[in-house]
Amino acid sequence: MPDPNGFLRYPRRVPARRPVPVRISDWREVYPPAGEELIREQATRCMDCGIPFCHSDTAGCPLGNRIPDWNDLVRTGNWDAAVESLHATNNFPEFTGRLCPAPCEAACVLGIGGGAPVTIKQVEVEIADAAAARGLTPCPSPTPSGRSVAVVGSGPAGLAAAQQLARAGHAVTVYERDDAPGGLLRYGIPDFKLEKRHIDARLAQLAAEGVVFRSGVDVGVDVTAAQLRAQHDAVLLACGALQGRETDTVGRQLRGVHQAMAHLVAANRVVAAAGAGRPALATLPDGTPIDAAGKHVVIIGGGDTAADCLGVAHRQGAAGVHQLDLYPRPPQARDEERDPWPTWPWILREYAAHEEGGERVFAVAVQEFVDDGTGAVRAVRIAEVTVEKRDGRRIVTTVPGTEQELPADLVLLAIGFEGTEEQPLLTQFGVTRNARGAIESRGDWQTEADGVFVAGDMHRGASLIVWAIAEGRAAAAAIHGYLGGVGTLPAPVHAASQPLAV
């Protein structure tokens, strides 16, 4: 039984981040490991509510993580059982514990009325790290089913599906167009949020369980869809939603104005090369430099990707950084009328990168990227704006007389994603993007092409890592059934599942 007074005896606490001057001099993770005493104390705050909204797929965690169960196991020091409980619903808790914005915490009953929710993410990551420290044990080899599945894409959705299917006895091959598996986890997320050793450890576990990885293979180019269909009994498309949203602002064509992901990928490749003892420069595929060192950087956008670019710019030695947000500064606490518990609240989110420097500017929009006379950006012209919604449309109005210029040698567009990229494999498989740039499926996760399934961001658009893993697991269950597999696999969400919204 949980401690009914734990939340009264212990306040919410998380480990202190590494000191700013130290952490911006390297690429290691911002948070040090938490001590066992702190984690057990925080787990004790969990009340094991009668109706635990934290693992509801509409309000909290779509994976259905048994959060009260493993909180109480940590409280009582039963770490082995906590690891087992955590992995029962989540293939990669070390990823979600580091990267997920934690809708589970927003839905925690202790958060009602402005209270302090349980530090669910921190407990989760410490359980996962405790398991990794002892070595990730591959599951015993199952009886081979004689059926084969191709997974295209090695992000969290593809990897989760691959592991589930391999553990059910199917032969699984993961195709990845980059030089190493991991998808956005490897080349989109900076090391100060997720050191790549965590990915490598899971890949080693999957390989030991029989998953075959083929990196540097661009499906639709290096191997055709017809060849893949001939070699495998089913195909899962899990290629993500990497098409960056564009802008038609004057001056977009200037040198030095880039999509945010181009900057993050280039920086990740430099860090990976340094870890392997190879020299490397942060450049685009065409060799264009995209390093923030010594530059005035302007980041357009207010979300996770923008904060990642901010942290990278600090570590690259930017001369100064401005982060621009179209919307007004959010409140510090939940507005119960606007976002009643347990919905996801619109509040000011302070990322570790904001503690490291830079200036956030709210309620502004870029009017022009200013040319230095040679075809390169030298500044951005901004103005204050008001934003309102009318009939479901966003109306942005410029406030007259508020224009100003900010110096800019490097501008990064972190304004969202428009779905999966147009690529040859879509035509070859006979699937099409919808108006949101996503690939639709039937209720069984199957696309308009028989035997071709879809999951993750490619299916639902850019979303949270927990949704990617949940969709990967659910799609794997559908594929297992399609192949005539024995028994059933867990399917935490439906193809049409959506989080609670107001």
Side-chain angles (χ1 to χ4, degrees), residues 49 51-71 82-97 99-108 120-121 123-125 127-128 139 149 151 153 155-168 170 172 185 202 206 236-238 240 342-344 438 440-446 453-483 485 487-501:
C49 315
I51 302 177
F53 284 82
C54 58
H55 59 73
S56 158
D57 64 342
T58 54
C61 181
L63 281 167
N65 282 338
R66 303 168 182 171
I67 295 166
D69 292 359
W70 41 256
N71 268 328
V83 168
E84 184 177 345
S85 177
L86 181 57
H87 280 100
T89 56
N90 189 348
N91 299 73
F92 315 119
E94 67 277 22
F95 301 161
T96 54
L99 303 177
C100 182
C104 54
E105 293 189 15
C108 176
I120 298 170
K121 268 184 61 169
V123 177
E124 176 182 24
V125 80
I127 297 172
C139 280
V149 182
V151 175
L159 292 179
Q163 186 166 59
Q164 294 295 100
L165 290 165
R167 289 177 172 179
H170 306 300
V172 181
L185 294 172
R202 282 297 178 187
L206 266 68
L236 173 65
L237 302 179
T343 59
W344 182 249
E440 293 182 353
S441 74
R442 305 196 298 260
D444 63 355
W445 300 90
Q446 208 164 172
F453 299 74
V454 66
D457 287 2
M458 194 175 192
H459 170 250
R460 68 183 298 110
S463 186
L464 307 183
I465 184 172
V466 285
W467 276 96
I469 296 173
E471 290 213 351
R473 288 171 67 90
I479 294 170
H480 180 66
Y482 173 82
L483 297 176
T488 59
L489 298 182
V493 293
H494 301 288
S497 293
Q498 294 292 333
L500 184 65

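The figures that follow rest on heavy atoms only: side chains count, while hydrogens, waters and symmetry mates do not. What you are looking at is a predicted structure, and each value in this text was computed from that prediction instead of being measured.
- Counting heavy atoms from C-beta on, the side chains of Cys54 and Pro68 come closer than 4.5 Å.
- At a threshold of 4.5 Å between non-hydrogen side-chain atoms, the residues Ile127 and Trp70 count as touching.
- Side chain of Ser497 to backbone of His494: a donor-acceptor contact under 3.5 angstrom is found.
- Atom CH2 of Trp467 and atom CZ of Arg460 lie 4.5 Å apart (nearest 0.5 Å).
- Rounded to the nearest 0.5 Å, atoms CZ (Phe95) and CD1 (Ile469) are 7.5 Å apart.
- Inter-residue side-chain proximity for Ile67 and Pro52 is flagged as unmet; no heavy-atom pair is nearer than 4.5 Å.
- Annotation for Pro101 and Trp344: closest pair O-CH2, 3.3 Å, computed over non-hydrogen atoms.
- Under the salt bridge (charged side-chain N to carboxylate O under 4.0 Å, His left out) criterion, Arg66 pairs with no residue at all, not counting sequence neighbours.
- Atom CD of Gln498 is separated from atom OG of Ser463 by 8.0 Å, given to the nearest 0.5 angstrom.
- Applying the side-chain hydrogen bond (donor to acceptor under 3.5 Å, both in side chains) test to every pair with at least one member in residues 88-97, sequence neighbours left out, gives these pairs: Asn65-Thr89, Asn90-Thr96, Asn90-Glu124, Asn91-Gln163, Asn91-Gln164, Asn91-Arg473, Glu94-Arg202, Thr96-Glu124.
- The two residues Pro93 and Leu86 make their nearest non-hydrogen contact at CB-CD2, 3.5 Å.
- Across every non-hydrogen atom of Pro342 and Ala59, the tightest pair is CG-CB, 3.8 Å.
- Atom CD of residue Glu105 and atom NZ of residue Lys121 lie 7.0 Å apart, to the nearest 0.5 angstrom.
- When side chains are defined from C-beta on, Glu471 does not count as touching Pro62, because their heavy atoms never get closer than 4.5 Å.
- Under the 30°/60° scheme for interplanar angles, the aromatic rings of His459 and Trp445 are found to be tilted.
- Taking the side chain as every heavy atom from C-beta outward, Ile479 and Leu489 never approach each other to under 4.5 Å.
- Here Leu206 contributes atom CG and Phe92 contributes atom CZ; the two are 5.5 Å apart, rounded to the nearest 0.5 Å.
- The two residues Thr488 and His480 have their closest heavy-atom pair at CA-CD2, 4.3 Å.
- Across all non-hydrogen atoms, the minimal contact from Ala477 to Pro490 is CB-O, 3.8 Å.
- What you find for Leu236 and Ala161 is that their closest heavy atoms are CD2-CB, 3.3 Å.
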